[in-house]
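To start, the structure itself, in structure tokens.
Each chain gets a letter, A, B and so on, in the order the sequences are listed, and its residues count up from 1.
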There are 2 protein chains.
Amino acid sequence: MTPKTSGKYTIKQLAEECGVTARTLRHYEDQGLISPERRGQHRIYHQQDKIRLSWILRGKHVGFSLSEIGEMLDLYNLPDGRVQQRATTLDRCRTRVNDLKSQRDDINTTINELEGFCDLLGSLKRSSDGTHWINQNTQKPLKAYSPR
Amino acid sequence: MTPKTSGKYTIKQLAEECGVTARTLRHYEDQGLISPERRGQHRIYHQQDKIRLSWILRGKHVGFSLSEIGEMLDLYNLPDGRVQQRATTLDRCRTRVNDLKSQRDDINTTINELEGFCDLLGSLKRSSDGTHWINQNTQKPLKAYSPR
DNA sequence: TACATAATTAACGTTAACGTAAACGTCAAG
DNA sequence: CTTGACGTTTACGTTAACGTTAATTATGTA
């Protein structure tokens, strides 16, 4: 119930705690992803900022670009009541979700192939081809991924 | 049973069929990711190349860099019988798999949050805060992702 | 054989996401 | 009052993954 650090962080503290550099935090600020409080010249980060940051990092971890992350965060920040844009927001959200699911599929097949190869390695015997291992079920129509 | 194009492709054909540019294919070749046959000056791609390419593209889609992909492909191309390196190969493979699983976790939580937000959008009513929506269960220890 | 179509190499350009260095302010401790 | 330790802005540097000419060489077809 009692916040240890009173929920405030200097840039370095937050950076260390989240495994990034101060430069990175400033960069995210430049890109409009976070806007910490300003005590004079200095920055003060609160829990909200940390939460946003964790979002950003997770976004990066799943492959989003900073601008994409920015857009996604913006989705939630509509001026309030902008009903008109709600439909398009919903659209973009769903597109995102579909992309993520497609990505998850590929992650799963990659995991499967790698684990398969691990097993193969475990069972000592190998040929010398170097291509046979490629899982042939890989050959679905081979969708063209949209660029990042 | 009868391969339409006899399993051979010019650079442009393969490129189009896989949704990339010729430049990209040459680039991958420069990076040592594919080495198509050479008929004189020109390149000829076969099924094996296409399969490797699909691997590369899937790798990219899940967030690997070209050099990482190269390493992974190399894992399968050991000089044959290099038993000594097998353990380390196995290690790297498993590390990869763990990374992928961690990524998948993040993808799943992101999907959940986005879908949650979609639902919220569907139920017409919104507050104007712009931060409340962030799923608080996000606040696990906040692991520091290793860089790409 | 001429001309439109692709292919090749070489090399410079571009964007994203920071790294890194310079130059300077601030505050507590010795 | 000077030395760290940390903070700030400004700005140039770096790497990855191609894009984009440019200049040149086949290839295929009318």
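Ranking D/dA26, C/dT9, D/dG7 by closeness to the B/H42 side chain, first place goes to D/dA26.
For B/R43, a side-chain nitrogen or oxygen approaches OP1 or OP2 of C/dT8 to under 4.0 Å. Here B/T10 does not reach the OP1 or OP2 of C/dA6: none of its side-chain N or O atoms lies under 4.0 Å away.
Both the sub-6.0 Å distance and the 45° axial angle are not jointly satisfied by A/R52 relative to the ring of A/W55.
The distance between atom CD1 of A/I11 and atom P of D/dA5, rounded to the nearest whole Å, is 19 Å. Rounded to whole Å, the distance from CD on A/Q41 to C1' on D/dT9 is 8 Å. Counting to the nearest Å, the C1' atom of C/dG19 and the CZ atom of A/R26 are 12 Å from each other. Here D/dT9 presents its C1' atom at 10 Å from CG of A/D30, a figure rounded to the nearest Å. To the nearest angstrom, C1' of C/dT26 lies 16 Å from NZ of A/K12.
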Might you list the N or O atoms of the protein lying below 3.5 Å from N or O atoms in nucleotides 11-18 of chain C, with each pair's distance?
residue: C/dA17; atom: OP1; partner: A/L66; partner atom: N; Å: 2.8
residue: C/dC18; atom: OP2; partner: A/Y28; partner atom: OH; Å: 2.9
residue: C/dC18; atom: OP2; partner: A/K60; partner atom: NZ; Å: 2.9

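Salt-bridge annotation for B/K8 and B/E37: absent, with no side-chain N of the basic residue lying under 4.0 Å from a carboxylate O of the acidic one. Between B/R58 and A/E113 a salt bridge is recorded (basic side-chain N to carboxylate O distance below 4.0 Å).
A donor-acceptor contact closer than 3.5 angstrom links the side chains of A/D106 and A/Y145.
Across all strands, B/R39 comes closer than 4.0 Å to no nucleic acid atom at all (heavy-atom distances).
Considering every non-hydrogen atom in both B/T21 and B/A15, the closest pair reads C-CB, 3.8 Å.
Within a 6.0 Å sphere centred on CZ of B/R38, other residues, nucleotides and ligands contribute more than 12 heavy atoms.
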